[in-house]
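Below is one structure, written out as C-alpha cells; the observations come after it.
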Amino acid sequence: MKIGYACKTVGVPNTEMKSCILKNVSDSKLMDLITHNLDSLNNIIDYNISQGIPLFRISSDLIPFASHPVNSLPWHEIFAQPLADLGKKILASRMRVSMHPGQYTVLNSPDNEVTSRAIKDLHYHCQVLDALGVGPEHKVILHIGGIYQNKRLSAERFLCNFKHLDKRVRSRLVVENDDKAYNIEEVLDIGVKLGVPVVFDSLHHEINPSPAPRSQADWITVCQKTWQKEDGIPKIHYSQQDPAKKPGSHSRSIGIGQFIQFYQSIPKENIDIMLEVKDKNLSAVKIINCLCGDRDIKTLEAEWSRYKYTILECSPQAYKELRQLLCDKSQYPAMEFYTLLENALNSPREAGNCINAAQHVWGYFKNRATTAEREKFMALLQAYKLSRGTLAAVKGYLRKLTVEYRQSYLFDSYYFEL
DNA sequence: TGACGTCAAGATCCG
DNA sequence: CGGATCTTGACGTCA
C-alpha cells in the first residue's frame, strides 16, 4: 500500500511551481518557467524519496498554459532529457505518480469548443507522463463533468467523447466521483461501460452519496474490481471535512484518529491512498509514520525538530509533554506523538506564547546578528507586543535572517509555514 | 452576473 | 525602495 499527497509541498525549500498571467506569456518566459518548474519537481521527488513517500500527484501547473494556443513551444522535445531523467528517478524509487486536471476540464460539455479544449488538456497531462517514461499504472484522474439538465444524455456524451480519445490517453485515464454531480454509483456505471478504472473519493462520497445502501468499504471493493493488471494497484482519494468551512472543504491536516478509524474499515491489500489535504506532505509523513511499525524514534525526533517552534507557539504545555514523550529511546509512540501535535496545532495561539517562540528562534542569531539587525528584530517584536505590528512581520524577519545566516535547522523547520 | 476553488502573479499601498 | 496587503487571473458550470 502506498500513501501520498497532491501537487505541492509545505515547508520544503525550492519546490514551488511558478506561472504568469496570459498577457505576459512569451516563449522565453515559458522556457524560464518550465525550467524552474522541472527543477522544483526534481526537488519534490528527492524530498519524497528522502521521506519514503511513494505516491505523488504532479501539479498541472508544471507546464504553464500547456494546452493553450499561446504556448506553442515544443516543450515535450526541448525538455525531453530532464523529463526522462526525472522519470528514471521516479521508477528507480518505485514511486507512483499521477496527474489530475481540474474542475474546468470538461469532456462531456455540449459545447464543442469546451470539449475540444478538454481533449487537448487530457493530451497534455498524458504527454507529461509519457515524457517521464512511466507506465500506464501512472494515471490521469478525471471527473465526469456537468449535467446540463439531463444527466443520462450528459453521461452518454462522456462515453462517446471518451471513445474518441487517443489510445494512449485512454490507457491512462481513470474516473472519479465528484461532490456535486456524479456520485460513485453513476461513475462506476460509466467506468464499467468503458472498461476504465474508478477512483473512490471518500469526502466527495460523504457529500454526494449514492442512494444505494452500501458502506464506503463496499464501494471501495466494487471500485477495486474496475482496475485491471495493467492499471496497477487500485487507488482511492481520502480527505476530511474542514469543520469550520463549507461541505467539501479539505481539512488543514488529516486527523490521525479519524484516519485510523477509516483505515481499519477498508481492505488493507491492493489499495493506494492519495491524501487531499492542506498540509500536503506533512499529513502523508504523519500517516506513513503511524502505519509503519518498523520505523524508530529517530523518525519522530526528526519530525519534532521541524514542528517544535510552532508547538511552542501553540502550547508550551504540549511542548513539554512532547519532549517527555520522546525521552524513552526504546519506544516508537507515533500515535501519541501526532495526537499531541494535532491537539496543540488546533488550539488558538496566544500572543505571549508567540513572542516566547520568536525569542527562542532569535536565539539562533543573537550572537551573530549586527546591531542593526538586533534593533530591527526588537522593534518588530515590541510593535507586535503593543498590537502596532503583526506576528507575520516578526516571523518574516526571522525567516529572512534564517536565509541570510544559512541556519539549515531553522530552514527545514515548519515554524514559518504553520 | 457572480459564486465556486486555487493560490501565485500582479497591483497597489505604506512607511 | 522593500515589504505588506489587496485584487486579479484562468478555467466551465450553475443558480
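Throughout, a chain's letter reflects where its sequence line sits, starting with A, and its residues are numbered from 1.
Over its length, the helix from B:dT1-C:dA15 to B:dG15-C:dC1 turns its helix axis by 70°, as judged from the five terminal pairs at each end, rounded to 10°.
Residue A:Asn24 has a polar side-chain atom (N or O) positioned under 4.0 Å from OP1 or OP2 of B:dG10.
Sequence order on DNA chain C of the closest nucleotides to A:Cys20 and A:Lys400 puts A:Lys400 first from the 5' end. With DNA chain C read from its 5' end, the first of the two nearest nucleotides for A:Pro110 and A:Tyr397 is the one closest to A:Tyr397. Closest-nucleotide positions on DNA chain B for A:Lys280 and A:Lys246 were compared, and the one nearer the 5' end corresponds to A:Lys246.
Salt-bridge formation is not detected for the pair A:Glu303/A:Lys286: no Lys NZ or Arg NE/NH1/NH2 atom is positioned less than 4.0 Å from an Asp or Glu carboxylate oxygen. Here A:Asp61 does not pair with A:Lys8 in a salt bridge; the nearest charged N to carboxylate O distance is not below 4.0 Å.
Nucleic acid contact class of A:Lys278 (heavy atoms, under 4.0 Å, all strands): sugar-phosphate only. Across all strands, A:Thr105 comes closer than 4.0 Å to no nucleic acid atom at all (heavy-atom distances). A:Glu16 comes within contact range of no nucleotide atom at all, as no heavy-atom separation falls under 4.0 Å. Contacts of A:Lys180 with the nucleic acid, taken as non-hydrogen atoms under 4.0 Å apart, are absent.
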Please list each protein N or O that sits under 3.5 Å from an N or O in nucleotides 12-15 of chain B, with the distance.
none

Checking A:Tyr405 against A:Tyr364 for the ring-ring contact (aromatic ring centres under 6.0 Å, His included) test, could you report, in this order, the C-alpha distance in whole Å, the side-chain angles of both residues, the deciding distance, and whether it holds? CA-CA 9 Å; A:Tyr405 287 101; A:Tyr364 284 85; over 10 Å; no
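Cation-pi geometry between A:Lys151 and A:Tyr182 is met: under 6.0 angstrom from the ring centre, within 45 degrees of the axis.
Residue A:Leu62 contributes atom CG, which lies 17 Å from atom C1' of B:dT6 at whole-angstrom precision. The distance between atom CG of A:Asp61 and atom P of B:dC7, rounded to the nearest whole Å, is 9 Å.
Ring planes of A:Trp304 and A:Tyr319: tilted class, angle from 30 to 60°. Below 30°, between 30° and 60°, or above 60°: for A:Phe259 and A:Tyr263 the angle between ring planes is below 30°, a parallel geometry.
Checked by atom type and distance alone, the side chain of A:Asn37 pairs as donor or acceptor with a backbone atom of A:Leu62 at under 3.5 Å. Within the 3.5 Å criterion, the main-chain N or O of A:Lys89 finds a donor-acceptor partner in the side chain of A:Ser93.
Heavy-atom contacts of chain A under 4.0 Å fall on DNA chain C between two terminal nucleotides, which in 5' to 3' order are C:dG3 to C:dC14.
In terms of heavy atoms, A:Tyr384 sits closest to A:Cys354 at OH-CB, 3.8 Å. When all heavy atoms of A:Leu291 and A:Met1 are compared, the pair lying nearest together is CD1-CE, 3.5 Å.
The residue from A:His237, A:His143, A:His250 that alone fulfils the ring pair (Phe, Tyr, Trp, His ring centres under 6.0 Å) condition with A:His204 is A:His143.
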